[in-house]
Amino acid sequence: MHQKYVLITGTSSGMGAATVKLLADSGYTVFAGVRNEKALKNWQEINHPHIIPLKLDVTHATAIEEAYQEVAKTVGENGLYALINNAGSCIGVPTELFDEAAAKHLMETHFWGMAKLCKTFIPLLRQYVRTNGSSARIINIGSAGSISSFPFIQFYNAAKFAILGFTESIRFELAPQNIRCSAILPGAVKTEIWNNAENSIKNSLQQLSPEGAHLYRDNVVSALQLSNKLENKGVSSEAAALVYKKVLESRKPKLKYFIGADSKLMHWMVRYLPDSLRHSIINTQLKFKKTL
């Protein structure tokens, strides 16, 4: 069996870390892309024979190019079997209060970083196809928020909608080269990203003027409560990693894969219900108050 090298971004914790471990234990050789030195050291200390720690900040073009050189040197003529764009972050804030630099960084992490990684690594994926005579893979991690939005995380939703559209486009584009492209759309998964979003929203509450507090505070708290309720019912990172592996090993991978009952339910709602009814159902769960 030929060697299957997989590059995963955003592997310091959560679904990324769980997927690295699962794939490495299953015989794949995995480049575990991380942004900071602490996470890099953690992977180095694990010293797994099938895990290659890789410093990779997806928001910096130089870091992407350096990672490419390291990966290319390692995989050689065999090429890269799969690129999994998993890196992500989340901010939560009323739109009137968003910080432009923070919003741009989120878009750089989720969308532009993903796009630049695809651009950079497609030649190595194509090399895998040429050498091994079988398909390569690109897997981009979206969200249930790729198909239905949630209040106060508008930039996260915008990025996730963009990821799905980008993935569908390149799915057509790269199919003739035998590079199969899919998007995984998780619902609530117990990962650190939602703690970061919650902290961001709580920080934004502290910036509210008296008028802003009247307009937003109660509804932000309601949204947080619903988010926490969903997260408590969410699947584990390890369960999510099994879906990543399923997509890698599917003979004919689909465009969209859903993780969690909530994500599958949202897909059903978007597909079969009019927007007005879907929004009514979501508003009932949010319990927002009239503020004007």
Side-chain angles (χ1 to χ4, degrees), residues 4-34 48 50-51 80-90 110 114 117-118 125 134-148 150 156-157 159-168 170-171 174 179-194 227 230-271:
K4 288 188 174 180
Y5 291 96
V6 178
L7 168 58
I8 310 178
T9 66
T11 68
S12 60
S13 63
M15 295 185 294
T19 302
V20 169
K21 294 172 184 175
L22 175 64
L23 295 182
D25 289 342
S26 301
Y28 294 87
T29 299
V30 187
F31 295 96
V34 291
H48 192 295
H50 292 294
I51 297 175
L80 181 69
Y81 171 59
L83 168 64
I84 302 179
N85 286 301
N86 177 76
S89 61
C90 191
H110 281 276
M114 172 208 66
L117 279 157
C118 288
L125 296 166
S134 59
S135 64
R137 306 292 161 92
I138 292 176
I139 301 174
N140 296 325
I141 309 307
S143 164
S146 295
I147 57 174
S148 181
F150 195 81
Y156 177 84
N157 284 129
K160 292 303 188 181
F161 267 77
I163 286 170
L164 181 56
F166 181 89
T167 304
E168 185 165 20
I170 65 170
R171 181 178 171 88
L174 297 177
I179 299 173
R180 310 302 182 194
C181 303
S182 300
I184 296 177
L185 310 182
V189 180
K190 296 173 182 177
T191 68
E192 190 65 29
I193 191 171
W194 298 118
S227 178
L230 292 171
E231 184 187 356
N232 289 336
K233 295 180 179 179
V235 303
S236 68
S237 295
E238 289 73 21
L242 291 171
V243 179
Y244 286 48
K245 185 171 183 285
K246 174 184 177 181
V247 181
L248 276 185
E249 297 178 350
S250 174
R251 191 169 64 87
K252 293 183 178 180
K254 299 179 292 186
L255 169 62
K256 291 178 283 192
Y257 290 82
F258 299 89
I259 297 178
D262 56 333
S263 183
K264 294 172 184 176
L265 176 61
M266 191 57 67
H267 172 58
W268 182 90
M269 290 172 66
V270 168
R271 186 171 183 179

Is it the case that the side chain of S250 and the backbone of V247 share a donor-acceptor pair, with hydrogens and angles ignored and the cut-off at 3.5 Å? no
Separation between CD1 of I138 and CD1 of I84, rounded to the nearest 0.5 Å: 11.0 Å
Given L185, which partner from the list K160, K256, H267, K264 fulfils the side chain to side chain contact (heavy atoms under 4.5 Å, CB included) test? K256
Nearest heavy-atom contact between V34 and S12 is CG1-N, 3.8 Å
For the OG1 atom of T11 and the NZ atom of K21, what is their distance to the nearest 0.5 Å? 10.0 Å
Looking only at heavy atoms, what is the nearest atom pair of S263 and G187, with distance? CB-N, 3.5 Å
Closest non-hydrogen atom pair between L174 and C181, with its separation: CD1-SG, 3.9 Å
Working to the nearest 0.5 angstrom, can you tell me the gap between L83 CG and L7 CG? 5.5 Å
Roughly how far, to the nearest 0.5 Å, is the CG atom of D262 from the NZ atom of K233? 10.0 Å
Would you mind reporting whether N86 and T19 have side-chain heavy atoms less than 4.5 Å apart? no
Looking at S237 and A18, what are the two nearest heavy atoms and their distance? O-CB, 3.6 Å
Please say whether the positively charged group of K4, taken as NZ for Lys or CZ for Arg, lies over the ring of Y81, i.e. under 6.0 angstrom from the six-membered ring centre and within 45 degrees of the axis. yes
L164, I163, I170 screened by side chain to side chain contact (heavy atoms under 4.5 Å, CB included) with F166, the one that passes: I170
Shortest non-hydrogen contact between H110 and A159, atoms and distance: CB-CB, 3.6 Å
Taking all non-hydrogen atoms of both residues, which atom of A241 and which atom of L22 are closest, and how far apart? O-CD2, 3.4 Å
For L255, what residues pass the side chain to side chain contact (heavy atoms under 4.5 Å, CB included) criterion, not counting sequence neighbours? T167, E168, R171
How long is the gap from CZ on R180 to OG on S135, to the nearest 0.5 Å? 5.5 Å
In Å and rounded to the nearest 0.5 Å, what is the OH to OG distance from Y244 to S182? 12.5 Å
For L23 and K245: C-alpha separation, side-chain torsions, deciding distance, then whether side chain to side chain contact (heavy atoms under 4.5 Å, CB included) applies. CA-CA 7 Å; L23 295 182; K245 185 171 183 285; 4.0 Å; yes
